[in-house]
*Asks:* 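Below are the structure tokens for one structure; questions will follow.
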Amino acid sequence: MNSFAYKRKLTPDLARGYMLLFIALAHGNQFLFSTDRDITITDQITVFLRQVFIDGRAFPLFAILFGYGLHQLFKRHERKGIPWKDTKRIFRRRGAWMLLIGFLHATLLLADIIGAYGLIALLFAGLFVRLSNKSIIVLAILILFIVGAVGTAVPRGFDTLNMEMTSTTKMADPIDAAISRMFEWMFYTPFLSFQLIPGVLIGILVARFQFIDYPQKHRK
């Protein structure tokens with residue numbers, strides 16, 4: 001027990017805890033929002049503050065921790081001498097499962113983000129974890145510029161104020177609602193995953209330089 005406590009790193013667990021808290025706060029309004037009234041200035045200010053101080057922290061942290069986890073898995077298998085083809089197969093298998101879970105979540109419930117990360121793991125994890133640091137930085141900056149240039153035209157999965165994704169809950173026929181969410185998920189998941197890639201790449205760098213593992217070593 002003492003050995004486990006000694007080896008377990010506290011900072012990654014704290015980061016995951018904060019991430020889950022922020023995600024809960026970011027999505028809590030979906031259970032309170034009403035489409036039967038006009039959007040007020042108070043609504044707009046609240047959404048702005050939530051986007052800056054909650055969403056703006058939760059989504060990047062989620063992406064960074066996902067990239068961190070990919071690198072940690074890769075290095076753990078490398079230390080154990082597990083062949084690269086087996087590690088790559090695990091990335092793909094986990095990505096496929098995440099895609100399936102995301103598809104079911106979006107179809108049966110509401111908007112989903114798990115599928116976007118599943119798509120990244122399925123298609124790109126094997127490539128990203130073996131890139132050089134320089135390549136990761138260049139690729140992350142390039143994609144950030146693209147996302148910034150077309151960000152206003154690319155959906156994130158739901159509209160911030162109108163909450164269009166939640167409108168399917170008002171459909172009388174649950175089958176029609178599920179089909180609608182299913183096709184919306186198929187459309188926005190690739191776009192959303194593209195926006196998450198820079199954070200995932202940054203997370204791989206964070207893992208390589210051990211910023212989260214040993215934060216005390218990186219204090220100025």
Side-chain angles (χ1 to χ4, degrees), residues 12 15-16 18-20 22-23 26-27 47-48 50-75 84 87-88 90-103 105-106 111-160 164-165 184-213 218:
R16 295 183 187 103
Y18 278 114
M19 177 195 70
L20 293 174
F22 284 140
I23 289 175
H27 290 84
V47 167
F48 172 77
R50 195 202 75 209
Q51 288 277 34
V52 173
F53 296 107
I54 298 176
D55 295 53
R57 301 294 183 270
F59 287 98
L61 184 56
F62 199 145
I64 289 171
L65 288 175
F66 185 77
Y68 172 89
L70 292 178
H71 176 80
Q72 295 296 76
L73 175 64
F74 167 60
K75 297 305 290 185
W84 165 242
T87 302
K88 187 163 59 174
I90 290 176
F91 284 144
R92 291 175 176 173
R93 184 171 68 244
R94 291 187 178 184
W97 275 110
M98 291 175 70
L99 267 176
L100 177 61
I101 292 171
F103 171 80
H105 183 273
D112 164 73
I113 196 173
I114 299 174
Y117 286 103
L119 189 62
I120 293 174
L122 180 66
L123 299 180
F124 304 116
L127 169 65
F128 290 165
V129 297
R130 303 186 81 184
L131 289 176
S132 66
N133 294 340
K134 181 178 179 180
S135 297
I136 287 179
I137 293 172
V138 170
L139 183 60
I141 292 174
L142 176 62
I143 296 178
L144 278 173
F145 271 112
I146 296 174
V147 170
V150 301
T152 57
V154 177
R156 198 185 67 178
F158 53 84
D159 183 83
T160 303
E164 293 174 353
M165 287 296 295
E184 287 171 342
W185 178 87
M186 293 171 64
F187 172 74
Y188 74 71
T189 294
F191 288 101
L192 182 56
S193 63
F194 182 75
Q195 298 174 66
L196 296 172
I197 285 177
V200 174
L201 292 171
I202 292 172
I204 293 174
L205 286 180
V206 166
R208 288 182 180 178
F209 290 100
Q210 298 184 322
F211 290 123
I212 294 180
D213 301 81
H218 302 280

*Asks:* What is the distance from atom CG of Leu119 to atom OG of Ser193, rounded to the nearest 0.5 Å?
*Replies:* 4.5 Å
*Asks:* Any non-hydrogen side-chain atom of Ile137 less than 4.5 Å from a side-chain atom of Lys134?
*Replies:* no
*Asks:* State, with a plain yes or no, whether a side-chain heavy atom of Phe59 is found less than 4.5 Å away from one of Ile113.
*Replies:* yes
*Asks:* Looking at Val129, Leu122, Leu127, Leu123, which hits side chain to side chain contact (heavy atoms under 4.5 Å, CB included) with Phe91?
*Replies:* Val129
*Asks:* Going by heavy atoms in the side chains, are Arg208 and Ile136 under 4.5 Å from each other?
*Replies:* yes
*Asks:* To the nearest 0.5 Å, tell me how far Leu131 CG sits from Asn133 CG.
*Replies:* 9.5 Å
*Asks:* Would a 4.5 Å heavy-atom cut-off, applied to side chains only, mark Thr189 and Phe194 as touching?
*Replies:* no
*Asks:* Among Phe66, Phe74, Tyr68, which residue satisfies the side chain to side chain contact (heavy atoms under 4.5 Å, CB included) criterion with Leu70?
*Replies:* Phe66
*Asks:* Assess Arg92 against Trp97: is NZ or CZ under 6.0 Å from the centre of the six-membered ring, and within 45 degrees of the ring's axis?
*Replies:* no
*Asks:* Determine whether a donor-acceptor pair (N or O, by modelled atom type, separation under 3.5 Å) exists between the side chain of Arg57 and the backbone of Val52.
*Replies:* yes
*Asks:* With the side chain counted from C-beta on, respond yes when Asp112 and Phe103 share a heavy-atom pair under 4.5 Å apart, and no when they do not.
*Replies:* no
*Asks:* Do Tyr117 side-chain atoms and Ala63 backbone N/O form a donor-acceptor pair below 3.5 Å?
*Replies:* yes
*Asks:* I'd like to check Arg130 versus Trp84 (side-chain heavy atoms, cut-off strictly below 4.5 Å). Are they in contact?
*Replies:* yes
*Asks:* Within the 3.5 Å criterion, strictly below it, is a donor on Tyr188 or Glu184 matched to an acceptor on the partner's side chain?
*Replies:* no
*Asks:* Answer whether the closest heavy-atom distance between the side chains of Phe128 and Leu139 falls below 4.5 Å.
*Replies:* yes
